[in-house]
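First the structure, in the form of structure tokens, and then the observations on it.
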Amino acid sequence: MKIIFFSSQPYDKLFFNLQNEAGQFELVFIEAALSMQTVSLADHADAICVFVNDIVNADVCKYLSAKGIKIVALRCAGFNNVDLEAARSNGIRVCRVPAYSPEAVAEHALALILTLNRKTHKAYNRVREQNFSLNGLLGFNLHGKTIGVIGTGNIGKAFCRIMIGMGCTVLAFDLVANKEMEALGVVYHPMIEVLKSDIISIHCPLNEQTRHLVNNDTIAMMKKGVMLINTSRGGLIDTTAIINGLKSGQIGSLSMDVYEQEEHLFFADHSAEVILDDEIQRLMSFSNVLITAHQAFFTAEAMTQIVTTTLNNVRQLIKKDNLGDRAAFLV
Ligand code: NAI
């Protein structure tokens, strides 16, 4: 059983090889991202394994099917990059890792909030330059602040628990209110109310309903000076609108672990190149913007769980076993 890994990084190789010690699978790691231009690299595989920015569109599905490749294993939770209908109509099974370590992402969201607020990234550089001044480092207490959470699934719930522990009031918007969260003190409101929070953190999937959920209209509904955190998917935020919001001061600070056009930048070293994306350059120029490059999931615990679930998913697909789990098996 040969699995070709697209967009693979040294850490993918390390963690997957570790769990494939018995050699059940032949694992081949390639750096290229999957697209119509690169799909032929999978020609002799039995399955492919893809990540967040690999493109599994209708053309790719048709190609894979023609080559007899009927398994696409996502080694991530989000699946907005896969055309599920095209997979279905081409007889391709698609699986993913529905929950590996929600805490990893929720804790990263907290790290972004604390860094933006207390400016530890700036303090670190200052002190190294023997500048011990506090001017410009003023933050605020998180305790007592109102946190708006959009999406209370696995990650949103872990994030709500953390913020309640910090002494915050947590308001949430989701299509379905979660009883466990309500019992903890999370109060569900329509989105328009949640947008008035001091800090907003987004934890819903990217789909046709949520694309550009943060746009000129919703930014205008937010509290002036709001802190906005996005660890979900870049397409949830209209980048042009957020830049305007930052320029006007309506957005007080922004941190994102994901970016609308990240597939051209993230997971690679571009330090010796000229970046042609003017929007990310503009975002990086704001002193109140903090960007990380899709690393929220990146803990040893999460990587181990991703590998276990991905290889189990493939085993089950081969055995045609236990495929009723809609959370893991999408098609
Ligand atoms: P989940 O499926 O457990 O939860 C998603 C929640 O969003 C559900 O409660 C759902 O009802 C809600 N939702 C759906 N549509 C909504 C809408 N229109 N408005 C408000 N809520 C809506 O997913 P999970 O595991 O919590 O992950 C959330 C997202 O986080 C993923 O879709 C993925 O895009 C992103 N993610 C990012 C990672 C990173 O490293 N930055 C790692 C893992 C996931």
Q | Sidechain-backbone polar pair: Glu262 side chain, Tyr259 backbone, donor-acceptor under 3.5 Å | A | yes

(Q) Quick check: do Ile147 and Ser197 have side-chain heavy atoms less than 4.5 Å from each other? (A) no

**Q.** Shortest non-hydrogen contact from Asp83 toward Cys61
**A.** O-SG, 4.2 Å

**Q.** ILVMFWY cluster, Met191 and Val186 together (side-chain gap under 4.5 Å)
**A.** no

Q) Is any side-chain heavy atom of Asn81 less than 4.5 Å from a side-chain heavy atom of Leu74? A) yes

**Q.** Under 3.5 Å side-chain donor-acceptor pair for Asn312 and Arg315
**A.** yes

(Q) Testing the basics here: between Ile251 and Asn288, what is the closest heavy-atom pair and its distance to 0.1 Å? (A) O-ND2, 4.2 Å

Q | Arg118 atom CZ, neighbour heavy-atom count above 12 within 6.0 Å | A | no

Q. Are the side chain of Asn90 and the backbone N or O of Ala86 linked by a donor-acceptor pair below 3.5 Å?
A. yes

**Q.** Asp46 to Ile69 - nearest heavy-atom pair and separation
**A.** O-CG2, 3.9 Å

Q) For the atom pair OG1 (Thr115) and CG (Leu290), what is the distance rounded to the nearest 0.5 Å? A) 6.0 Å

Atom pairs and distances, side-chain donor-acceptor, residues 165-179, under 3.5 Å, sequence neighbours left out:
{"from": "Asp174", "atom 1": "OD1", "to": "Val176", "atom 2": "N", "distance (Å)": "3.3"}
{"from": "Asp174", "atom 1": "OD2", "to": "Thr152", "atom 2": "N", "distance (Å)": "2.7"}
{"from": "Asp174", "atom 1": "OD2", "to": "Thr152", "atom 2": "OG1", "distance (Å)": "3.3"}
{"from": "Asn178", "atom 1": "OD1", "to": "Glu180", "atom 2": "N", "distance (Å)": "3.0"}
{"from": "Asn178", "atom 1": "OD1", "to": "Met181", "atom 2": "N", "distance (Å)": "3.0"}

(Q) For a 4.5 angstrom cut-off between non-hydrogen side-chain atoms, does Val56 reach Val94? (A) no

Q.
Using the rule given for side-chain contact (heavy atoms from CB on, under 4.5 Å), can you reason through Ile200 versus Ile229, listing the C-alpha separation, both sets of side-chain angles and the distance that settles it, and then say yes or no?
A. CA-CA 6 Å; Ile200 299 170; Ile229 309 291; over 6 Å; no

(Q) Please check this pair: side chain of Asn244 against backbone of Ala241, looking for a donor-acceptor N/O pair closer than 3.5 Å. (A) no

Q. Got a sec: does the CD of Glu129 have more than 12 other heavy atoms crowding it under 6.0 Å?
A. no

Q. Does a side chain donor of either Gln250 or Ser248 reach within less than 3.5 Å of an acceptor in the other side chain?
A. no

Q: Name the orientation class of the two ring planes belonging to Phe297 and Tyr100 (parallel below 30°, tilted from 30 to 60°, perpendicular beyond 60°).
A: perpendicular

Q. Measuring from Cys49:SG to Asp54:CG, what's the distance to the nearest 0.5 Å?
A. 9.0 Å

Q: Measure across Ile4 and Leu41 and return the closest heavy-atom pair with its distance rounded to 0.1 Å.
A: CD1-O, 3.7 Å

(Q) Ignoring hydrogens, what is the shortest heavy-atom contact between Arg75 and Ile306? Give both atom names and the distance. (A) O-CG2, 3.6 Å

(Q) For Lys62, is the NZ atom crowded, meaning more than 12 foreign heavy atoms sit under 6.0 Å from it? (A) no

Q: Please indicate whether His44 has more than 12 foreign heavy atoms, meaning atoms of other residues, nucleotides or ligands, lying under 6.0 Å from its NE2.
A: no

**Q.** From Ser232 atom OG to Leu213 atom CG, the distance as rounded to the nearest 0.5 Å
**A.** 10.0 Å

Q) Do other residues, nucleotides or ligands put more than 12 heavy atoms under 6.0 Å from Tyr124 OH? A) no

Q: Report yes if some heavy atom in the side chain of Leu112 is under 4.5 Å from a heavy atom in the side chain of Thr231; otherwise report no.
A: yes

Q. Got a second to check how far Ile291's CD1 is from Asp257's CG, nearest 0.5 Å?
A. 10.5 Å

Q. Are any of the side-chain heavy atoms of Leu236 and Asn230 separated by less than 4.5 Å?
A. yes

Q) Do the non-hydrogen side-chain atoms of Phe79 and Leu84 ever get within less than 4.5 Å of each other? A) yes

Q) If you group Ile, Leu, Val, Met, Phe, Trp and Tyr by side-chain heavy-atom gaps below 4.5 Å, do Ile237 and Ile280 land in one group? A) yes

Q.
With a 4.0 Å cut-off on N to O distance, would you call Glu85 and Arg88 a salt bridge?
A. yes

Q: Give a yes or no answer on whether the side chain of Asn17 reaches the backbone of Leu14 with a donor-acceptor pair at less than 3.5 Å.
A: no

Q | Shared hydrophobic cluster, Val72 / Leu34 (ILVMFWY, side-chain heavy atoms < 4.5 Å) | A | yes

**Q.** Between CD on residue Glu260 and OG1 on residue Thr239, distance to nearest 0.5 Å
**A.** 3.5 Å

**Q.** No-hydrogen, no-angle side-chain donor-acceptor test under 3.5 Å, Ser8 and Glu31
**A.** no

Q: Indicate whether any N or O donor in one side chain lies under 3.5 Å from an N or O acceptor in the other, for Thr308 and Gln19.
A: yes

Q) Just by distance, do the side chain of Asn313 and the backbone of Arg96 share a donor-acceptor pair under 3.5 Å? A) yes

Q. Should the pair His294 and Phe51 be assigned to parallel (<30°), tilted (30 to 60°) or perpendicular (>60°) ring geometry?
A. tilted

Q) In the single-linkage hydrophobic clustering (I, L, V, M, F, W, Y; side-chain heavy atoms under 4.5 Å), do Leu64 and Leu317 co-cluster? A) no

Q. What distance do Met303 atom CE and Thr299 atom OG1 have between them, rounded to the nearest 0.5 Å?
A. 9.0 Å

Q. Regarding Arg282 and the six-membered ring of Phe286, is the cationic atom NZ or CZ under 6.0 Å from the ring centre and inside 45° of its axis?
A. yes

**Q.** Beyond-backbone contact of Ile3 with Glu26, side-chain heavy atoms, under 4.5 angstrom
**A.** no

Q: Would you sort out whether Phe298 and Tyr11 count as a ring pair (Phe, Tyr, Trp, His ring centres under 6.0 Å), showing the intermediate values?
A: CA-CA 10 Å; Phe298 199 45; Tyr11 45 82; 4.5 Å; yes

Q) Does CD in Glu182 sit with more than 12 non-hydrogen atoms of other residues, nucleotides or ligands closer than 6.0 Å? A) yes

Q) Quick one: does Asn141's side chain have a donor or acceptor within less than 3.5 Å of a partner on His143's backbone? A) no

Q. Do Ile113 and Leu142 have side-chain heavy atoms sitting under 4.5 Å apart?
A. yes

Q. How would you list, by chain and number, every residue that makes a salt bridge (Lys or Arg N to Asp or Glu O under 4.0 Å) with Lys67, sequence neighbours excluded?
A. Asp43

Q: For Phe159 and Leu110, work out which heavy atoms get closest and say how close.
A: CE1-N, 4.4 Å

Q) For Lys122, does the NZ atom have more than 12 heavy-atom neighbours from other residues, nucleotides or ligands under 6.0 Å away? A) yes

